[in-house]
Amino acid sequence: MNCARCGSAAMSKVISKVSFKIAKPAKYSEAFLHKARPFLRAQKETAEAFAEGKGSEDAKTFQLAERIGESIDRTLAARLPPRKS
């Protein structure tokens, strides 16, 4: 293989590290979500999300758990006094 710019045959592949960052860490472990899925599927309030045809079962469970966690966080923040640093 020759260099496309200069035509030199003295080339070598360079493998670089790949780095990524998860935008938002999950509130719950995968094991917990796997155990929670049957409960979430059985509840009237959350069963509709599973009935929709979009996304995998894992994605639906993750999204529901995140929404529930955010709701709990908001409720606790509103009802508990702020922590002193």
Side-chain angles (χ1 to χ4, degrees):
M1 179 189 299
N2 292 344
C3 177
R5 271 209 293 191
C6 70
S8 172
M11 292 181 53
S12 61
K13 284 189 177 185
V14 176
I15 299 174
S16 61
K17 293 181 180 180
V18 176
S19 176
F20 66 93
K21 178 182 173 186
I22 296 175
K24 180 175 151 184
K27 289 185 179 288
Y28 307 103
S29 71
E30 286 189 37
F32 173 80
L33 293 175
H34 181 71
K35 291 177 183 176
R37 183 178 300 142
F39 174 79
L40 293 171
R41 287 185 69 81
Q43 301 306 303
K44 185 173 86 173
E45 297 84 3
T46 53
E48 292 175 10
F50 286 99
E52 294 175 359
K54 300 179 243 172
S56 69
E57 294 280 304
D58 288 342
K60 291 173 186 176
T61 304
F62 176 81
Q63 290 170 349
L64 286 169
E66 288 294 306
R67 280 196 280 169
I68 292 167
E70 289 169 1
S71 177
I72 291 168
D73 289 348
R74 282 192 304 274
T75 301
L76 290 173
R79 294 184 181 181
L80 297 176
R83 287 184 178 182
K84 292 183 178 182
S85 303

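Quick note: residue numbers are just sequence positions, from 1.
Atom OG1 in Thr46 sits 12.0 Å away from atom CZ in Arg37 (nearest 0.5 Å). Here the straight-line distance linking atom CD of Gln63 with atom OG of Ser56 works out to 8.5 Å at 0.5 Å rounding. Atom CZ of Phe50 sits about 3.5 Å away from atom OG1 of Thr61, to the nearest 0.5 Å.
The environment of Gln43 atom CD is dense: over 12 non-hydrogen atoms of other residues, nucleotides or ligands sit within 6.0 angstrom.
Cluster membership check: Phe39 does not share its hydrophobic cluster with Phe32, using side-chain heavy-atom separations under 4.5 Å among Ile, Leu, Val, Met, Phe, Trp and Tyr. Residues Leu40 and Leu33 are members of separate hydrophobic clusters, defined by side-chain heavy-atom contacts under 4.5 angstrom among Ile, Leu, Val, Met, Phe, Trp and Tyr. In the hydrophobic clustering of this structure, Leu80 groups with Ile68; members are Ile, Leu, Val, Met, Phe, Trp, Tyr whose side-chain heavy atoms approach within less than 4.5 Å, directly or through other members.
By the side chain to side chain donor-acceptor pair (under 3.5 Å) test, Arg41 pairs with Glu57, sequence neighbours left out.
Residue pairs meeting the salt bridge (charged side-chain N to carboxylate O under 4.0 Å, His left out) criterion with at least one partner in residues 42-53, sequence neighbours excluded, do not occur; the list is empty.
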